[in-house]
2 protein chains.
Amino acid sequence: MDYGANSVWKELGRPKSLRQQVADQIINALALGHLKPGQRIVELELAQNLGISRAPIREALIQLEQEGLVHVVPYKGTYVMDLNYTGVWELYTLRAVLEEFAIRRVMESNIRDTITSLWDIYDKMIEVCNTGNKLQMAELDSKFHEIIVRGADHEQLYRAWYPLKYKYMFYTITIDKNYSSSLEIVVKMHEKLIETMENGEVEKAVEEIKSHIIETGKLLLSQVADHGI
Amino acid sequence: MDYGANSVWKELGRPKSLRQQVADQIINALALGHLKPGQRIVELELAQNLGISRAPIREALIQLEQEGLVHVVPYKGTYVMDLNYTGVWELYTLRAVLEEFAIRRVMESNIRDTITSLWDIYDKMIEVCNTGNKLQMAELDSKFHEIIVRGADHEQLYRAWYPLKYKYMFYTITIDKNYSSSLEIVVKMHEKLIETMENGEVEKAVEEIKSHIIETGKLLLSQVADHGI
DNA sequence: TCTTTGATGACTGTCGACAATAGTTATTTA
DNA sequence: TAAATAACTATTGTCGACAGTCATCAAAGA
């Protein structure tokens, strides 16, 4: 794989630790599908590609391990996370639980700003929908849900949800070969959800976001059944 | 604070990385209340206390940061997590959500083994209840709930729940001055919950575990109101 | 042929030293 | 005196080197 030699150094004005820059790079490589599930990451190799020493690399990998994005085996090596069918499905069932909680809290309090932000994302989705760029759509979808979770104003919830974001984005990119075929449906689901929220229909909103998440998960996993994970 | 000089070296037969040993030590110190919220952790000091270099210390701290147990500020330092009233309350509301999901899954499938394990913990609780050892009771309580979450057989759920365990144990030890006064009540709640599970009453079990968690949280936070956090 | 043993190479784990940064105190300057 | 600036100190961030561990493969023995 190619991270681009020394690319971490661009725009190095403020003292952002190399560790964080490396972690961001790896997350990016993951989200863009430049790293494959189960693939080994060799510290020295990565360090040389980035033109830095191994210490910040190791620290970045440990950070990512806690987020579940890589798996560090003592004295053996670091591997890109590798979820099986069940593991991917878990991402969606857990998201359904967390986001149900999130949307209840949002609708109890913080609804105005949240809805404004959601419409913003929605507008961008409409644009991207035409281009058919599935990577951009995955990012927007992820942002959409992140807004809801952040809107819940519950730090522990956000911390629990956050790692799921990268994982499901990763698998969306990695697995889904025909995402474009369902872009319109997904956009419609989001539109409907915002409207329900605007109408203040809590229980309906809960059902919609849950079924939206579960449907998305099933859609993704149907690709697996067709093409293998 | 005193971690005991070179104490990480005892029983060093198998190649368990120093990083993990250090992380375990710190977690232990947290759970035992040897570290106070907001307290600074100086790498070199800790390294010298343990008789090792800073590298594994740093890596352990980064690992713990991702679990939310410490807060690493770039170029400034590492601080023991410091939750305010709201933050502690969040631990319990999120736990209620996660453990509701967990218990539903347990009761759908894995109930036999889980209940056996729960009764085991319950028996130990009875014993400890008489001694009034609040640290042991907090550990047993934590184990009790961990069994339920693990019984759900849902790795992503467990990963989301796991960091909460240390946090609420930490604050239980740190905050609660009169835990012993309510030991019996807590034990009774657990007994009732197991019986409900045995009877297969899903919705009742859900309500019980939710109210059990929420009540425990309220109880803890009432101490805060009295004595400050 | 199959297992065991022992070298070899590649990689991870740990270390001590140095560089970079933030906070503090001392010094200059108006 | 008070503000700005310049050392100084404590601590974190990064580096290169070395030690420890694992996997591989060849040689030896059954």
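Reminder, nothing fancy here: chain letters follow the sequence lines and each chain counts from 1.
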Open item on the list: Would you say that B:Val70 contacts B:Tyr79 through its side chain, given a criterion of any heavy-atom pair below 4.5 Å between the two side chains?
Closed with: no
Task: For A:Leu219, all residues meeting side chain to side chain contact (heavy atoms under 4.5 Å, CB included), sequence neighbours excluded - done: A:Ser182
Open item on the list: Please enumerate all residues that pass ring-ring contact (aromatic ring centres under 6.0 Å, His included) together with A:Phe101, with sequence neighbours excluded.
Closed with: A:His154
Open item on the list: Checking B:Glu99 now: which residues fulfil side chain to side chain donor-acceptor pair (under 3.5 Å) with it, not counting sequence neighbours?
Closed with: B:Arg95, B:His145, B:Trp161
Open item on the list: Between C1' on D:dT21 and CG on B:Leu18, what's the gap in Å once rounded to a whole number?
Closed with: 14 Å
Open item on the list: If the condition is side chain to side chain donor-acceptor pair (under 3.5 Å), which residues does B:Arg54 pass it with, not counting sequence neighbours?
Closed with: B:Glu43
Open item on the list: My understanding is that only residues two or more places apart in sequence, or in another chain, count here; which of them pass side chain to side chain donor-acceptor pair (under 3.5 Å) with A:Ser142?
Closed with: none
Task: Distance, rounded to the nearest Å, where B:Leu50 contributes CG and C:dT14 contributes P - done: 12 Å
TODO: Would you kindly give the CD1-to-P distance between B:Ile52 and D:dA19, to the nearest whole Å?
DONE: 19 Å
Mind listing the N/O atom pairs, protein and nucleotides 5-8 of chain C, below 3.5 Å?
none

- [ ] Would you kindly give the CZ-to-P distance between A:Arg54 and D:dA17, to the nearest whole Å?
- [x] 12 Å
- [ ] Taking ring-ring contact (aromatic ring centres under 6.0 Å, His included) as the test, write out the residues that go with B:Tyr92, two or more places apart.
- [x] none
TODO: For A:Tyr162, check ring-ring contact (aromatic ring centres under 6.0 Å, His included) against everything at least two apart and list the hits.
DONE: A:Tyr158, A:Tyr166
Task: First of A:Ala55 and A:Thr78 reached from the 5' end of DNA chain C, by closest nucleotide - done: A:Thr78
N/O-N/O pairs, protein side and nucleotides 9-11 of chain C side, under 3.5 Å:
from: C:dC11; atom 1: O3'; to: A:Arg40; atom 2: NH2; distance (Å): 3.1

Open item on the list: Let's see if you get this right: which residues in residues 56-70 of chain B place a heavy atom under 4.0 Å from DNA chain D?
Closed with: B:Arg58
Task: Protein-nucleotide distance (B:Gln48, atom CD; C:dG16, atom P), rounded to Å - done: 11 Å
Open item on the list: Is it the case that the ring center of A:His190 lies less than 6.0 angstrom away from the ring center of A:Phe144?
Closed with: yes
- [ ] Output all residues satisfying side chain to side chain contact (heavy atoms under 4.5 Å, CB included) with B:Lys218, sequence neighbours left out; order by chain, then residue number.
- [x] B:Trp89, B:Ile214, B:Glu215
Open item on the list: Restricting to side chain to side chain donor-acceptor pair (under 3.5 Å), what partner residues turn up for B:Gln20, sequence neighbours left out?
Closed with: B:Asp24, B:Gln63
